[in-house]
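A quick write-up on the structure given underneath.
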Number of protein chains: 2
Amino acid sequence: MLHALADSTRRDIVRRCLGEAASVSRLADVYPMSFAAVQKHVAVLERAGLVSKERRGREQLVRSEIDAVRQARQALDQLEATWRGRIERMSDILAEDEGDGTHERDQH
Amino acid sequence: MLHALADSTRRDIVRRCLGEAASVSRLADVYPMSFAAVQKHVAVLERAGLVSKERRGREQLVRSEIDAVRQARQALDQLEATWRGRIERMSDILAEDEGDGTHERDQH
DNA sequence: CTAACGTACAACCAAATGGTTGTAGATGAG
DNA sequence: CTCATCTACAACCATTTGGTTGTACGTTAG
């Protein structure tokens, strides 16, 4: 899923389909590449759950799944939270050392 | 940079080096792959600015750059903000239509 | 000094990526 | 019906990726 967002064309597709859905050929008009290439990008985004397709007549409307974007963001949030947790635990250990005076050394 | 975070081994390395730095060989002990493979992963992370290396004796300590992680998260935040912006503008347009009664159609 | 350790880097390989063209099947407009 | 449009999908290609092994070099321990 991060992989799906790691391509600028795909990020742009997601951005473009956030408000209103667009058909694949309408999207293909925008980018300097073939229809098939855009089709593949959409397929990658779909597999990652970042967009969904809905058929309307002969067109296939692409719409972004904002909840999936939120989920990706939360994954990174969690990395940061882990970091904060580690820093806290380090502070705790320092506090202990100051309190008990045993001065045991790190096992390296 | 999202690409750098799109690999689970690399995400794990970042997580592992958040609190305290680790040498490349210490990291290599953890994963079921060769030292050289881990070295490459670290290189990818370094190019993306997600970790930095610092030499200490014959070891090379890897430490995660929490600010870079924050930056990645903010990039996704912005996607979500764009979405909220679109929704707002759509609401505005609806409000206008209700107000002036001109009922002009979307230019498709 | 010598041996062991940690690193760097090149060469190689299979598989995935991001792109292309071409063909074929649905669907809608006239 | 017929034609243009939209989509799907296969085949192909160059490049990148994620992994391997092997070699060489600097540093530290004994």
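Atoms considered below: every heavy atom in the structure, side chains included; atoms not considered: hydrogens, waters and symmetry mates. Quick note on labels: first sequence line is chain A, next is B, and so on, each numbered from 1.
- Distance, B:Arg58 CZ to C:dA8 P: 14 Å, rounded to whole Å.
- Taking every side-chain heavy atom of A:Val24 into account, D:dT7 is the closest of C:dT7, D:dT7, C:dC9.
- We find that A:Glu88 and A:Arg84 are not joined by a salt bridge, their nearest charged nitrogen and carboxylate oxygen being 4.0 Å or further apart.
- Under the salt bridge (charged side-chain N to carboxylate O under 4.0 Å, His left out) test applied with B:Glu46, the options B:Lys40, B:Lys53, B:Arg10 reduce to a single match, B:Lys53.
- Other residues, nucleotides and ligands place more than 12 heavy atoms under 6.0 Å from the CD atom of B:Gln74.
- The environment of B:Arg15 atom CZ is dense: over 12 non-hydrogen atoms of other residues, nucleotides or ligands sit within 6.0 angstrom.
- Side-chain contact between B:Leu45 and B:Cys17 is absent, with no heavy-atom pair separated by less than 4.5 Å.
- A:Thr9 comes within contact range of no nucleotide atom at all, as no heavy-atom separation falls under 4.0 Å.
- A close approach under 4.0 Å does not occur between any side-chain nitrogen or oxygen of B:Gln39 and OP1 or OP2 of C:dC9.
- In this structure, of D:dG26, D:dG18, C:dG18, it is C:dG18 that holds the atom nearest to the side chain of A:His41.
- In this structure, A:Arg10 atom CZ and C:dA16 atom P are separated by 15 Å, rounded to whole Å.
- Comparing the end axes of the helix from C:dC1-D:dG30 to C:dG30-D:dC1, each fitted to five base pairs by superposing C1' atoms of four pairs onto the next four, gives an inter-axis angle of 30° (nearest 10 degrees).
- Distance A:Asp12 CG to C:dG18 P: 15 Å, rounded to the nearest Å.
- With distances taken from any side-chain atom of A:Glu59 to the nucleotides D:dT7, C:dT7, D:dT20, the minimum falls on D:dT7.
- For the pair A:Gln60 CD and C:dT27 P, the interatomic distance rounds to 11 Å; values are reported in whole Å.
- Checking C:dT21, D:dA11, D:dG19 against every side-chain atom of A:Lys40, the shortest atom distance belongs to D:dA11.
- You'll find the side chain of A:Gln60 stays beyond 4.5 Å of the side chain of A:Val42, heavy atoms only.
- In terms of position along DNA chain C, the nucleotide closest to B:Ser23 lies nearer the 5' end than the nucleotide closest to the other residue of the pair A:Val44 and B:Ser23.
- Rounded to a whole Å, the CG atom of B:Asp29 is 11 Å from the P atom of C:dC5.
- Nearest nucleotide to the side chain of A:Ser25, out of D:dT7, D:dA8, C:dG18: D:dT7.
- The A:His3 side chain lies nearest to C:dT17 when the options are C:dT20, D:dC6, C:dT17.
- Proximity of A:Trp83 to B:Val69: side-chain heavy atoms (C-beta onward) are nowhere separated by under 4.5 Å.
- Between B:Thr82 and B:Arg86 there is a side-chain heavy-atom pair separated by less than 4.5 Å.
- Residue A:Arg56 places none of its side-chain N or O atoms closer than 4.0 Å to OP1 or OP2 of D:dC6.
- Between the CD atom of B:Glu54 and the P atom of C:dG6 there is a distance of 17 Å, rounded to whole Å.
- Look at CZ on B:Arg11: it is 15 Å from C1' on D:dG18, rounded to the nearest Å.
- Taking for each of A:Arg55 and A:Ser34 the nucleotide of DNA chain C with the nearest heavy atom, the 5'-most of the two is the partner of A:Ser34.
- Rounded to whole Å, the distance from CE on B:Met33 to P on D:dG19 is 4 Å.
- Side chain of B:Phe35, nearest nucleotide from D:dG19, D:dC6, C:dT7: C:dT7.
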